[in-house]
Amino acid sequence: MAETTTEPGEESLFDAPPMGEQERMVEAILFASAEPVSVRDLAGRMPHGADPAEALVHLRKRYEGRGVQVVKVGDGWAIRTAADLGFLMQKETVETRKLSRAAIETLAIIAYHQPVTRAEIEEIRGVSVSRGTIDQLLDMEWIRFGRRKMTPGRPVTFVVTEGFLDHFGLESARDLPGLKELRAAGLLDNRPPPGLGAASDEDEDDDQDDMFEDG
Amino acid sequence: MAETTTEPGEESLFDAPPMGEQERMVEAILFASAEPVSVRDLAGRMPHGADPAEALVHLRKRYEGRGVQVVKVGDGWAIRTAADLGFLMQKETVETRKLSRAAIETLAIIAYHQPVTRAEIEEIRGVSVSRGTIDQLLDMEWIRFGRRKMTPGRPVTFVVTEGFLDHFGLESARDLPGLKELRAAGLLDNRPPPGLGAASDEDEDDDQDDMFEDG
Amino acid sequence: MAETEPSMIDVGARLAAEALIVDVDGFEGPLDVLLMLSRTQKVDLRQISVLALAEQYLSFIDKARDLRIELAADYLVMAAWLAFLKSRLLLPPDPEEEGPSGEELAAHLAFQLERLQAMREAAAQLMARDQLGRDFFARGITEDVTRVRRVSYTATLLDLMQGYARLRTKDDFRPFVMDRDAVFTMEEALARMRPLLGFAGGWTDILSYLPEGFTTDPARRRSATASTFAASLELVKEGHAELRQGDTFAPIQIRRKEGRDG
């Protein structure tokens, strides 16, 4: 079928297959999976010595402008149909649960401010966040618990998931629309109300570091 | 996302999109569909005047030799992993277990008495040898079929393989510790069992003759 | 700044306030109401008059009370706080007074409104993106990775020898140990292990040296295990063997020490 296939017998134990062959392998694995596959998982499934990261560069280029695209999602890679062809897919369209305005806002706040505590979300929205809203986002696997804050009470934080990035076609949380502008405008600062003291000044840097480490 | 996309506005009502565009459409539909899609269904989903059959010819060609293939399944078309890459869809875990007592004994008899028939193995063990035990040893490539015995029924014989010698660090089956050594090692009583000579070295053939002519 | 006529603002504010009153349930809390009211000022949120906003909010609350609309406690708390803020902003600062100034509080409120507005816009931008399952799609026919478990069997030369010896002694040879009681001495264990050690090759569990007939009966097994262990230590002491154990309670393994003449 494929002329480019090397005979398995010709490969020595430590020679990786030729790059063209590695590209085919990455292609096959990504096509077979609906979920993003990490470079690490790719390497684990490919023969010893393979370099999936390089193969991905080639593969991504190969699919430029085609009906399907090789996209990066967080730490993983996936193949997705080109967005301009969505109109052909009425049959495949999944009706997502309609999110309430509160849920959408809460999701955006978590995405832009992560890792963020419930109290911080409430401070930003000026209203308490219902358990149901958080549960719904957790159920959809768009958010998950992050690590606890190093503030009194060690509250849990929320961060967005790879599923969230996948759903909105984002490579990482850094690619959220308008993120840079919001940061430059100081609107992502954790600014406590005056009179409450600057309890979380030092946290602020951590917050941002977290965001980029996790992203 | 894709620069090759034609503006919908540029298409007149009856002009089909360019063939390259049709190919992209077929690619996206086949990729996203949960089932193979017939040419008729493709035509139904694509813009008026499109020729999915021709687009399929191009698409098929494009995927020749790739990690996935455009294949016909019944009446429909689907994208499938290239046959030679099926191994990537499997993850192998190896579990090491000790060989069963029955298998060890059978193996020992074959090693000490080769070439030996199944009836002879059963004679020595005093119990019947299960098909499974022999199959297991054949699977492991520790034994193989030897030449047929020149006795009535011309039964097949078993002998040990190179793989067996490798595993046990033996140069040849003759390097197996003989009865004398087994005795010296305290594994056998000092008095020679009646009727059984030393099953080693040049005696071996004689042994077998002795053993089995009587039996 | 305010290019509209004062009367127009009043009309706009009134209309907004009326809309609020009919549909107070539609608001996501007092901050949301403030944000809505701030739009009537038709200015950038950074230049908003917090004083005017406070007045608008307080009149909204008054109207709601007039119409006997029940408001959630949040709205009343905000009203009280805005009344306090208003007084702070209007009165000259008291040098004795502790805490943040009216300007600081007003600036923070403006910041909160701007931030909420920014999050709303970000949420809208996010939801306007192409979405998986709506605009772009994942693979329809997926192939799961099948897990193949392969069992690899092993045996040692010692296993083979013991197996064969077992067969050759089955009928007419009773292992000498059978005639004794349940005790297997260390001398016996030593005598047994010395010659066998050479055949085992690599690391071997010392339990594989237990003699025939001493492996099933618990009392016999205990005795043989103890003596085999003691004999192993003796062999190590003599320099003929090495012992190792991977972990607590892991099998104890022995092998012949190379280069020493047994």
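Below, chain A is the first sequence line, B the second, and so on; all start at residue 1.
For Gln253(C) (side chain) and Ile206(C) (main-chain N/O), no donor-acceptor pair under 3.5 Å exists by modelled atom type. Of the possible polar contacts, none joining the Lys86(C) side chain to the Arg88(C) backbone as a donor-acceptor pair under 3.5 Å is found. At distances below 3.5 Å, not a single donor-acceptor pair connects side-chain atoms of Glu242(C) with backbone N or O atoms of Lys257(C). Checked by atom type and distance alone, the side chain of Tyr57(C) never pairs as donor or acceptor with a backbone atom of Val33(C) at under 3.5 Å.
Taking chain A as the reference chain and counting heavy-atom pairs below 4.5 Å, the highest number among Arg134(C), Gln112(C), Met127(C) is found for Met127(C). Your options are Ile124(A), Leu30(A), Val127(A), and the one with the most heavy-atom pairs under 4.5 Å with chain C is Ile124(A). Note: Pro177(A) leads Ala108(A), Pro177(A), Gly126(A), Ser128(A) in heavy-atom pairs under 4.5 Å with chain C. Per-residue counts of heavy-atom pairs under 4.5 Å with chain A were compared for Gly140(C), Ala122(C), Gly29(C), Pro30(C); the largest is that of Ala122(C). Interface summary for chain C: among Leu182(A), Asp166(A), Ile79(A), the most heavy-atom pairs under 4.5 angstrom belong to Asp166(A). Heavy-atom pairs under 4.5 Å with chain A peak, among Leu31(C), Leu126(C), Leu35(C), at Leu126(C).
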Taking distance alone, no hydrogens or angles, what donor-acceptor pairs closer than 3.5 Å link side-chain atoms of residues 113-120 of chain C to residues at least two apart or in another chain?
residue, atom, partner, partner atom, Å
Glu114(C), OE2, Arg46(C), NE, 2.6
Glu114(C), OE2, Arg46(C), NH2, 2.7
Arg115(C), NH2, Glu123(A), OE2, 3.4
Gln117(C), OE1, Arg39(C), NH2, 3.4
Gln117(C), NE2, Glu121(C), OE2, 2.9
Arg120(C), NE, Glu105(A), OE2, 2.4
Arg120(C), NH1, Asp32(C), OD1, 2.8
Arg120(C), NH2, Glu105(A), OE2, 3.2
Arg120(C), NH2, Asp32(C), OD1, 3.0

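Arg60(A) meets the salt bridge (charged side-chain N to carboxylate O under 4.0 Å, His left out) test with Glu171(A); sequence neighbours excluded.
With a 4.5 angstrom heavy-atom cutoff, Ala78(A) does not touch chain C via any of its atoms.
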